[in-house]
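Please read the structure below before turning to the comments.
Labels below follow one simple rule: chain letters A, B, ... track the order of the sequence lines, proteins then strands, and each chain is numbered from 1.
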2 protein chains.
Amino acid sequence: MKAKITLKDIARELEVSISTVSKALKNSEEISRDTKEKVQAFAKLYNYKPNNIAISLKNKRTKNIGVVIPDIVHHFFTTVIRGIEKYANARGYNVIVCLSEESFDKEVINMEMLANGSIDGFIMSLSSETQQKGDFNHLKEVTEQGIPVVLFDRITNEIDCDKVIIDDELGAYMATKKFIEQGKKNIALITTDDYLSVSKARTMGYIRALEESDLGVDESKVLKLPSMEMDEKSIKKFMDSQELDAVLCVNEIFAVYSMRLAQQKGLKIPEDISFIGFTDGLLSKYANPSLTVVSQHGERMGEVSAKMLIDQVESEEEEETYQTKILEPTLVIRDSIFH
Amino acid sequence: MKAKITLKDIARELEVSISTVSKALKNSEEISRDTKEKVQAFAKLYNYKPNNIAISLKNKRTKNIGVVIPDIVHHFFTTVIRGIEKYANARGYNVIVCLSEESFDKEVINMEMLANGSIDGFIMSLSSETQQKGDFNHLKEVTEQGIPVVLFDRITNEIDCDKVIIDDELGAYMATKKFIEQGKKNIALITTDDYLSVSKARTMGYIRALEESDLGVDESKVLKLPSMEMDEKSIKKFMDSQELDAVLCVNEIFAVYSMRLAQQKGLKIPEDISFIGFTDGLLSKYANPSLTVVSQHGERMGEVSAKMLIDQVESEEEEETYQTKILEPTLVIRDSIFH
DNA sequence: TTGTATGCGTTATCAG
DNA sequence: CTGATAACGCATACAA
């Protein structure tokens, strides 16, 4: 086992000082060609690589960014991570992933752990529990320490920081409008309670589209589940109690599941009943029929978040003005509605 | 903005030495009750937290583990990460995730980046390109430096380190046997080229089951795709050219897609043709009909890998004997085969 | 052209 | 009981 070699080791071997070695490796003008060559050759031979930790301590820059998300077994978050990772890597940053598992306490613990020097900034999406509690002190503390934060998707207005979201209201509006244009009359919405920022926005878009039309909103056609967790019974009960010809769902799982319920009742998709979901994951693509969705462009969101964060980390002055980037959702048309 | 406070700051404020502060905060016996209380109160008030980076430098332990995987937008890897994260977090470790995107070069770069002090050990699954090339020098270098490595799922025998896999051969064997028991005669396999360690093992299990039966192996019933990427045309061509009554697929996407092809031909599942896939993801659960799969227990795999790695990191002596843990796969029976 | 001294934040050893 | 000093690995201002 050949342990890592340090500047000190090289200096000792070559009988020069550490600073000479340091400068030589940086190709400094101050050092003679001779010594530089000697040092560089030696360093190469022994595969010298500077120690990241030491550099971090010196520079007060870790080149790590902390990503705190509620759930990783979820296509949307997964694509966001990929976007973050790609962009961050390209700029020389590593990504530390922490999962809050939708728990407030875990979110707090994770942030505290990372905030003590492990990372240069945070990219995060709030846990449902955090949004429900409305307690954002852990975020406040971090931003007050001068650690940049970028919130994405599940955000809060209580914290002053950069934010990236898609226009959820518009996405739901577009989807609902599509139904209306295709002549659907009984359009349901399966969503979650309003404390989730995204659900709230989507519900608003649904309502706006209906109110703009002649149809109007029928409260009984809106199912609000307590969480994003699958609740087969409630959905079945809801679907059985209604005469529907279109259903908008706040995620793809709800949509695919309710599609199946409809099929079991002998309904034809999209003739008798159409479906649109949110999240453009594998499930939508390979469902039968394939599911039309409002794509949230997770990867793009990740890239944008990472860019905003790193720009802020690397800008000297502390930003005084934070921006919120709103990405446009896109309707990906598949077989669960008329083409 | 209140910046982070350091030992030095406390020492200056309280007019004591840094070492006194350090000891006082550790509740050292050496320090008088008076000073301890004073220091601790002050530290609490200003929310002092030791700087992780400084501690890492001192201890030569980062409490970070590096996870390098080929792809994160993939249910199996996602569950593994969750397992790793849960276990590692419980033991006070953070997880740095790097994606190789199935590329050898990216894998190498990522490892080098992390190996320079950023992490205490690696958990990784090889990129397909790496398995194809058979070049494992980046792994050798890391292990030779004394950095512990745990390989999972996509492994190689060329590297001496701990490994965690599921018994892929057995999984395929069980699945194929199931088909045979249910009276299926024309059992196909849709897999990828043998350079992927898991595909090779699965193919072997498929062959063993057939050879043990009266059926024997028919090469024309095996489709080997160049990669795990979806290749709709090849699968369609394969499915059209065959009279099949059962199909085993090396992942759930291939399975769900070929199910749909069968349905489009008017075949009934599972009566006319049955399907089993690998990977117990959302797709399998919500496909129509739901897909029977060989579950790889990703989360468990992640936990086991993390435990092995951290145990090794924290054990003083350098291990001389490495182990390979083989997890048992499980058949999750759903509607794509007879119950 | 090279080397010395200092500091990043912490801990440990040893002296007072 | 307290504090000065060195060390982790590196970078750099300043001397020589």
Side-chain angles (χ1 to χ4, degrees), chain A residues 3-40 42-43 46-64 113-120 145-147, chain B residues 3-40 42-43 46-64 92 114-120 145-147:
Chain A
K4 285 245 104 159
I5 193 176
T6 70
L7 289 185
K8 193 198 264 188
D9 297 328
I10 302 182
R12 185 168 8 83
E13 275 326 293
L14 264 41
E15 299 184 299
V16 290
S17 79
I18 294 178
S19 48
T20 303
V21 177
S22 174
K23 288 171 189 163
L25 290 175
K26 292 203 133 48
N27 237 320
S28 160
E29 295 299 324
E30 303 180 21
I31 306 294
S32 73
R33 224 163 58 91
D34 244 32
T35 354
K36 276 201 281 197
E37 276 173 8
K38 199 173 57 175
V39 170
Q40 289 173 1
F42 190 92
Y46 286 92
N47 192 30
Y48 168 80
K49 293 278 165 51
N51 179 308
N52 290 332
I53 298 294
I55 292 180
S56 294
L57 185 59
K58 181 120 245 292
N59 298 347
K60 299 177 154 225
R61 284 278 164 84
T62 61
K63 290 251 170 184
N64 285 156
M113 212 164 150
L114 295 181
N116 303 137
S118 298
I119 49 90
D120 295 340
Q145 278 172 36
I147 303 179
Chain B
K4 285 246 107 166
I5 193 176
T6 70
L7 289 186
K8 192 197 265 187
D9 298 327
I10 302 183
R12 184 168 9 81
E13 271 336 287
L14 264 39
E15 298 184 302
V16 290
S17 78
I18 294 178
S19 34
T20 302
V21 176
S22 174
K23 286 171 190 164
L25 289 174
K26 293 206 131 46
N27 238 319
S28 161
E29 296 298 326
E30 302 180 22
I31 306 295
S32 72
R33 224 161 58 90
D34 243 34
T35 351
K36 277 201 281 197
E37 277 172 6
K38 199 174 56 176
V39 171
Q40 289 174 1
F42 189 92
Y46 285 91
N47 193 29
Y48 168 80
K49 292 278 166 52
N51 180 308
N52 291 332
I53 298 295
I55 291 180
S56 294
L57 184 60
K58 183 120 245 297
N59 298 344
K60 302 181 152 216
R61 284 278 165 84
T62 61
K63 289 247 168 191
N64 286 157
L114 295 181
N116 303 138
S118 298
I119 49 90
D120 295 340
Q145 277 172 37
I147 302 178

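Scanning both residues, B/S118 and B/T62, for their nearest heavy atoms gives O-OG1, 3.4 Å. For the residue pair B/N52 and A/M113, the shortest heavy atom distance occurs at ND2-O, 3.0 Å.
By the side chain to side chain contact (heavy atoms under 4.5 Å, CB included) test, B/I55 pairs with B/P50, B/N59, sequence neighbours left out. Looking at residues two or more places apart in sequence or on another chain, you find no side chain to side chain donor-acceptor pair (under 3.5 Å) involving A/K58. In terms of the side chain to side chain donor-acceptor pair (under 3.5 Å) criterion, B/K63 has no residue partners (sequence neighbours excluded). With sequence neighbours excluded, the residues that form a side chain to side chain donor-acceptor pair (under 3.5 Å) with A/R12 are A/D9. Residues that satisfy the side chain to side chain contact (heavy atoms under 4.5 Å, CB included) test with B/L14, not counting sequence neighbours, are B/I10, B/V16, B/K38, B/V39, B/F42. A/S17 pairs by the side chain to side chain donor-acceptor pair (under 3.5 Å) definition with A/S19, A/T20, not counting sequence neighbours.
Between B/E29 atom CD and D/dC1 atom C1' there is a gap of 12 Å when expressed in whole angstrom units. Across the protein-nucleic acid pair, B/E15 atom CD and D/dT2 atom C1' stand 15 Å apart, rounded to whole Å. Atom CD1 of B/I53 and atom C1' of D/dA11 are 16 Å apart (whole Å). Following rounding to the nearest Å, A/I10 (CD1) and D/dC10 (C1') show an atom-to-atom distance of 12 Å. Summarising the geometry, the separation between CZ on B/R33 and P on D/dT2 is reported as 13 Å, rounded to the nearest angstrom. Put simply, NZ on A/K4 is 17 Å from P on D/dC8, counting in whole angstrom units. Atom pair A/D9:CG and D/dC10:C1' shows a separation of 13 Å (rounding to whole Å applied). Taking atom NZ of residue B/K36 and atom C1' of nucleotide D/dT2, one finds them 13 Å apart after rounding to whole Å.
OP1 or OP2 of C/dG3 lies within a sub-4.0 Å distance of a side-chain N or O belonging to A/T20.
Overall, the helix from C/dT1-D/dA16 to C/dG16-D/dC1 carries an axis bend of 70° between its ends, with five pairs at each end and the value rounded to 10°.
Residue B/S56 is classed as having no contact, given no heavy-atom separation below 4.0 Å to the nucleic acid.
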Checklist line | Per-nucleotide protein contact string for nucleotides 10-16 of chain C (B base, S sugar-phosphate only, - none; heavy atom under 4.0 Å) | finding: BBBBB--

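Applying the salt bridge (Lys or Arg N to Asp or Glu O under 4.0 Å) definition to pairs two or more places apart or across chains, those involving residues 13-25 of chain A are A/K23-A/E30.
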